[in-house]
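The structure appears right after this line, and notes come after that.
All figures in this text were calculated on a predicted structure; none of them were measured in a lab. Just so you know, residue 1 is the first one in the sequence shown, and it goes up from there.
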Amino acid sequence: MISRRLSIALFAVLAAACGGKESKEDPAAAAKKGAEKAAAVLKEPVALIAGYRPFLAPVDTTKKYVPKRQPVHDRAAAAAANEIRHAANVARQNMPGDAGPVAKDLEKPLIDVLDACANAADDAAFAKCDKTVAALDQALGKAQQASAVPFPRLAGGVSSDAAKKSVARLSRAAGPLQAEKAFLAKRADPSATP
């Protein structure tokens with residue numbers, strides 16, 4: 001008898017919880033609100049990805065006197081790829097659950113960036129990482145068109161102060177410094193004397 005009373009009470013509580021308030025917000029407004037939340041979450045990670053992306057570009061070694069091996073570039077590109085991977089992971093983990101179809105559309109490109117940029121160590125891996133970052137930018141553009149919400153894009157470059165500080169540290173470490181730039185300019189000039 002007690003179990004029957006308990007089950008009836010439980011059923012009444014569940015029925016009241018499910019049938020209580022009905023959502024008065026229409027689905028289009030809810031989807032737009034979710035897309036706005038997703039755009040706010042993506043702002044900082046996309047700024048970091050945009051800042052680190054130029055470090056993935058290969059060095060032009062076809063010029064005269066330019067060394068074929070570039071260990072400094074390789075280390076800087078590996079660090080940039082790791083930072084890009086980290087920013088994409090932060091964006092994926094912080095994506096709100098109520099972002100709707102926008103979150104689902106952006107999840108695969110973010111995971112592709114995670115996979116491609118993890119432990120990148122050579123020019124082929126850097127190119128693959130850059131290709132997935134370009135695909136992420138296209139997905140951001142599609143999400144912007146579909147939801148009519150301005151999403152951050154990679155073409156805008158580094159837009160936040162925190163991203164600028166983070167990228168500046170890698171720029172200083174990767175070099176070249178002012179003296180090195182002057183030396184490389186003279187070295188590339190065929191008319192320069194010793």
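- Between the NZ atom of Lys128 and the CG atom of Asp130 there is a distance of 13.5 Å, given to the nearest 0.5 Å.
- Contact detail for Ala81 and Cys117: the closest heavy-atom pair is O-CB, 3.4 Å.
- For the atom pair Leu136 CG and Arg53 CZ, the distance stands at 9.5 Å (nearest 0.5 Å).
- A donor-acceptor contact shorter than 3.5 Å links the side chain of His73 to the backbone of Ala57.
- Across all their heavy atoms, Lys32 and Ser147 have their closest contact at CG-O, 4.5 Å.
- Val41 and Ala91 get closest at one heavy-atom pair: CG1-O, 4.2 Å.
- To the nearest 0.5 Å, atoms NE2 (His86) and CD1 (Ile49) are separated by 10.5 Å.
- Val46 has its side chain within reach of Leu154: a pair of non-hydrogen atoms, C-beta onward, lies under 4.5 Å apart.
- The SG atom of Cys129 sits 11.0 Å away from atom CG of Asp112, with the distance rounded to the nearest 0.5 Å.
- Minimum interatomic distance between Ala77 and Phe55 (heavy atoms only, all atoms of both residues): CB-O, 3.4 Å.
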Fill in: Met95 and Leu42: CA distance, side-chain angles, deciding distance, side-chain contact (heavy atoms from CB on, under 4.5 Å) verdict
CA-CA 8 Å; Met95 189 71 65; Leu42 288 170; 4.0 Å; yes
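- Listed here is the closest heavy atom pair of Leu114 and Arg85: CD2-O, 3.2 Å.
- Inter-residue side-chain proximity for Asp74 and Phe126 is flagged as met; some heavy-atom pair is nearer than 4.5 Å.
- Residue Pro150 comes nearest to Ala39 through the heavy atom pair O-CB, 3.8 Å, listed as atom of the first residue, atom of the second, then distance.
- Going from atom OG1 of Thr132 over to atom CD1 of Ile111 covers 12.5 Å, rounded to the nearest 0.5 Å.
- Remark: Asp115 CG to Lys108 NZ distance equals 8.5 Å, nearest 0.5 Å.
- For the pair Leu56/Ile84, a side-chain contact is recorded, criterion being any heavy-atom separation below 4.5 Å from C-beta on.
- In summary, Asp137 and Arg153 engage in a salt bridge, as defined by a charged side-chain N under 4.0 Å from a carboxylate O.
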